[in-house]
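First comes the structure, then the notes that go with it.
What you see is a predicted model; the values in this text were computed from it and never measured. The figures here come from the full heavy-atom set of this structure, side chains too, leaving out hydrogens, waters and symmetry mates.
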There are 2 protein chains.
Amino acid sequence: MENVEAECRSLAEVIARIGDKWTVMVCGHLSEGTHRFNALKHRIPGISHRMLTITLRGLERDGLVARKAYATVPPKVEYCLTPLGQSLTGPLATLASWARENRPALEQARTAFDRRAAQG
Amino acid sequence: MENVEAECRSLAEVIARIGDKWTVMVCGHLSEGTHRFNALKHRIPGISHRMLTITLRGLERDGLVARKAYATVPPKVEYCLTPLGQSLTGPLATLASWARENRPALEQARTAFDRRAAQG
DNA sequence: CTGAATCCTCGGTGATACTG
DNA sequence: CAGTATCACCGAGGATTCAG
């Protein structure tokens with residue numbers, strides 16, 4: 001790594017964008033394919049109606065998610081990843097692999113640290 | 001991608017952990033090598049004394065950063081990445097590359113979206 | 001120089017109700 | 001079914017001060 005400064009800034013930008021509470025979850029589920037609003041809401045435990053709307057708006061604004069509304073009654077709106085959004089799933093999967101492989105190490109370090117802190 | 005559910009959860013965990021305002025910055029600079037507290041503080045524009053302390057504590061707790069204190073006057077404390085922390089820089093660099101390559105597309109999508117929203 | 005504690009502000013988030 | 005608006009809450013983060 002030579003130009004750490006520039007890498008850091010752009011990385012920090014992306015992390016700031018996708019680092020909120022729900023964005024990665026939404027992206028992950030949309031990487032499976034197109035989903036309707038309520039389908040997403042049902043698949044993502046704990047997300048509120050409002051936050052799903054906001055999260056999808058943000059992703060749509062950044063060109064990562066495409067929204068398709070059908071003028072039917074009742075309304076039907078489908079969301080899917082754009083090519084740009086799909087290109088992000090690769091790097092995210094890399095990070096996810098690291099996460100799965102190293103989660104035990106993280107938890108072990110955490111409990112060890114807390115035990116040391118508790119004892120002094 | 002078959003098991004999206006599990007991948008999502010572990011990924012969301014890591015994102016939640018490193019997705020705060022300063023962690024990636026600190027990791028990035030420590031990936032260059034060992035640094036003292038004030039060195040980090042000066043290299044990371046805008047970070048407060050308090051937040052640098054908290055961020056480093058969190059990283060140390062998770063076993064990503066090692067802290068070495070010298071019993072001198074004045075005190076001298078050095079921070080560096082652990083092997084676990086170094087193993088994270090790979091996936092992060094992948095994400096950083098994506099960020100640098102696609103930042104123009106993101107900004108373009110954003111302005112286009114905002115223009116559409118402004119006009120109706 | 002490094003770190004801990006306190007106070008305070010602000011924005012993200014959730015609950016709810018209403019609209020088309 | 002999908003989206004918007006309003007209110008209230010809570011915690012992240014900044015400024016400051018004190019300690020070792």
Side-chain angles (χ1 to χ4, degrees), chain A residues 12-27 29-30 34-62 65-80 113-114 116-120, chain B residues 12-27 29-30 34-62 65-80 113-114 116-120:
Chain A
E13 259 184 40
V14 184
I15 292 289
R17 292 249 159 231
I18 68 174
D20 62 281
K21 197 170 175 181
W22 300 110
T23 293
V24 283
M25 276 292 184
V26 174
C27 284
H29 284 279
L30 285 182
T34 299
H35 287 287
R36 296 184 57 172
F37 184 91
N38 260 5
L40 284 172
K41 181 159 163 37
H42 193 256
R43 278 164 174 265
I44 303 176
I47 194 170
S48 67
H49 189 127
R50 177 176 172 270
M51 287 316 297
L52 181 54
T53 302
I54 292 179
T55 302
L56 287 168
R57 278 292 163 285
L59 288 169
E60 188 191 357
R61 189 172 106 102
D62 286 353
V65 158
R67 186 187 113 112
K68 187 165 188 180
Y70 299 86
T72 59
V73 173
K76 173 179 162 186
V77 182
E78 287 181 343
Y79 292 92
C80 64
F113 182 89
D114 291 346
R116 274 198 307 274
Q119 291 180 351
Chain B
E13 261 184 39
V14 185
I15 292 287
R17 175 59 193 82
I18 69 173
D20 63 281
K21 198 170 176 182
W22 301 111
T23 293
V24 284
M25 276 292 183
V26 173
C27 284
H29 284 280
L30 286 181
T34 300
H35 285 97
R36 296 185 55 174
F37 184 91
N38 258 6
L40 284 172
K41 181 157 164 37
H42 280 106
R43 280 164 173 265
I44 303 176
I47 194 170
S48 67
H49 188 124
R50 177 176 172 271
M51 286 317 296
L52 180 54
T53 303
I54 292 179
T55 303
L56 287 169
R57 276 297 161 282
L59 288 169
E60 188 193 356
R61 188 171 108 102
D62 285 355
V65 159
R67 187 186 112 112
K68 186 165 190 181
Y70 298 88
T72 59
V73 173
K76 173 178 161 186
V77 183
E78 287 180 343
Y79 292 93
C80 64
F113 182 89
D114 292 344
R116 275 199 306 274
Q119 291 180 351

In whole Å, what is the span from the [atom1] atom of [X] to the [atom2] atom of [N]?
X: B/Arg57; N: C/dA5; atom1: CZ; atom2: P; value: 11 Å
X: B/Leu52; N: D/dA15; atom1: CG; atom2: C1'; value: 16 Å
X: A/Lys68; N: D/dC1; atom1: NZ; atom2: P; value: 21 Å
X: A/His49; N: D/dA5; atom1: NE2; atom2: P; value: 13 Å
X: B/Glu78; N: C/dC1; atom1: CD; atom2: C1'; value: 13 Å
X: A/Phe37; N: D/dC1; atom1: CZ; atom2: P; value: 11 Å
X: A/Lys21; N: C/dT13; atom1: NZ; atom2: C1'; value: 7 Å
X: A/Ile54; N: C/dA15; atom1: CD1; atom2: C1'; value: 13 Å

Exam field: side chain A/Arg17 to backbone A/Gly58, donor-acceptor pair closer than 3.5 Å: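 Not confirmed, A/Arg17 side chain does not pair with A/Gly58 backbone.
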
Donor-acceptor contact present, side-chain B/His42 to main-chain B/Asn38, <3.5 Å: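 Indeed, once roles are kept as given, a pair shorter than 3.5 Å links the two residues.
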
Sugar-phosphate, base or nothing in reach of A/Thr53, heavy atoms under 4.0 Å: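 Base contact - A/Thr53 has a heavy atom under 4.0 Å of at least one base atom.
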
Sugar-phosphate only, base, or nothing, as touched by B/Tyr70 at under 4.0 Å among non-hydrogen atoms: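 If one applies the 4.0 Å heavy-atom cut-off, B/Tyr70 turns out to touch nothing in the nucleic acid.
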
Value rounded to 0.5 Å, distance of NZ in A/Lys21 from OG1 in A/Thr55: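 Those atoms lie 10.5 Å apart.
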
Inter-residue atom distance B/Ile18.CD1 - B/Asp62.CG, 0.5 Å rounding: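 Separation between the atoms: 11.0 Å.
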
All stems with DNA chain D, defined as three or more consecutive Watson-Crick or G-U pairs under 3.5 Å: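 Expected stems, ordered by start: C:1-20 with D:1-20.
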
Look at the side chain of [X] and decide which nucleotide, out of [options], has an atom nearest to it.
X: B/Trp22; options: C/dG14, D/dA2, D/dG13; answer: D/dG13
X: B/Arg36; options: D/dC1, C/dT2, D/dG13; answer: C/dT2
X: B/Pro75; options: C/dG20, C/dT13, C/dC1; answer: C/dC1

Run the side-chain donor-acceptor check on residues 44-52 of chain A: report pairs under 3.5 Å with partners two or more places apart or on a different chain.
{"from": "A/Ser48", "atom 1": "OG", "to": "A/Met51", "atom 2": "N", "distance (Å)": "3.1"}

D/dA12 phosphate, OP1 or OP2, under 4.0 Å from B/Arg50 side-chain N/O: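 Indeed not, no polar side-chain atom of B/Arg50 lies that close.
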
Presence of A/Lys41 side-chain N/O under 4.0 Å of D/dC1 phosphate oxygens OP1/OP2: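 It does not, given that no N or O in the side chain of A/Lys41 lies less than 4.0 Å from OP1 or OP2 of D/dC1.
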
Side chain proximity check, A/Thr23 to B/Ile15, heavy atoms < 4.5 angstrom: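 A/Thr23 does not reach B/Ile15 side chain to side chain.
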
Within-4.5 Å side-chain heavy-atom neighbours: B/Thr53 and B/Phe37: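 B/Thr53 reaches B/Phe37 side chain to side chain.
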
